[in-house]
Amino acid sequence: MDEPRIKVYGSATEITVAGNAAGLRDLAERLVGLADPELSDGYHEHLESGINLEDGSISLILQRDDKL
């Protein structure tokens, strides 16, 4: 299986999250994890360029917000 690869880029009016199949599965698993009833409101994950995102990506925060 390919290594997960995700890139986040955009402008003031549009954000693109692009990934290979493994990267999109990884992102989906993170989102499903945030929906776990054991987690509390406000739980979040930071995805950063060169760490969990491709170099040159803008940072991405996935956050659970039960007030929405």
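Values reported hereafter were calculated over all heavy atoms of this structure, with side chains retained and with hydrogens, waters and symmetry mates removed. In this chain, residues are counted from 1 in sequence order.
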Item checked: Which atom of H46 lies closest to which atom of N52, heavy atoms considered -> O-OD1, 3.8 Å
Next item on the list: Determine the sole option in L39, V32, L34 for which the side chain to side chain contact (heavy atoms under 4.5 Å, CB included) test with D36 is passed.
Entry: L39
Next item on the list: Evaluate side-chain contact (heavy atoms from CB on, under 4.5 Å) for D65 paired with D41, printing each intermediate quantity in order.
Entry: CA-CA 5 Å; D65 186 341; D41 181 43; 3.9 Å; yes
Item checked: Nearest-0.5 Å distance that lies between atom CG in D26 and atom CG in L31 -> 9.5 Å
Check: Which heavy atom in E54 sits nearest to a heavy atom in S49, and how many Å separate them?
Finding: O-OG, 3.4 Å
Notebook entry, point to check: Linking I/L/V/M/F/W/Y whenever any side-chain heavy atoms sit under 4.5 Å apart, do Y43 and L47 land together?
Noted result: yes
Margin query: Going by side chain to side chain contact (heavy atoms under 4.5 Å, CB included), name the residues that satisfy it together with S40, two or more places apart in sequence or in a different chain.
Written below: none
Next item on the list: Using atom types as modelled and distance alone, determine if a side-chain donor or acceptor of N20 lies under 3.5 Å from a backbone N or O of R5.
Entry: yes
Check: Near R64 CZ, under 6.0 Å, is it more than 12 heavy atoms from other residues, nucleotides or ligands?
Finding: yes
Checklist line | Chi angles and distances behind the side-chain contact (heavy atoms from CB on, under 4.5 Å) call for L27, L62 | finding: CA-CA 10 Å; L27 184 58; L62 304 175; 3.9 Å; yes
Checklist line | Smallest separation among heavy atoms of S57 and I6, with atom names | finding: OG-O, 3.9 Å
Note to self: Keeping S59 on the side-chain end and E48 on the backbone end, is there a donor-acceptor pair under 3.5 Å?
What the structure shows: no
Item checked: I58 reachable from Y9 in the ILVMFWY side-chain graph, under 4.5 Å edges -> no
Next item on the list: Over all heavy atoms of both residues, which pair between E45 and R30 is shortest? Give the atoms and the distance, please.
Entry: OE1-NH1, 2.5 Å
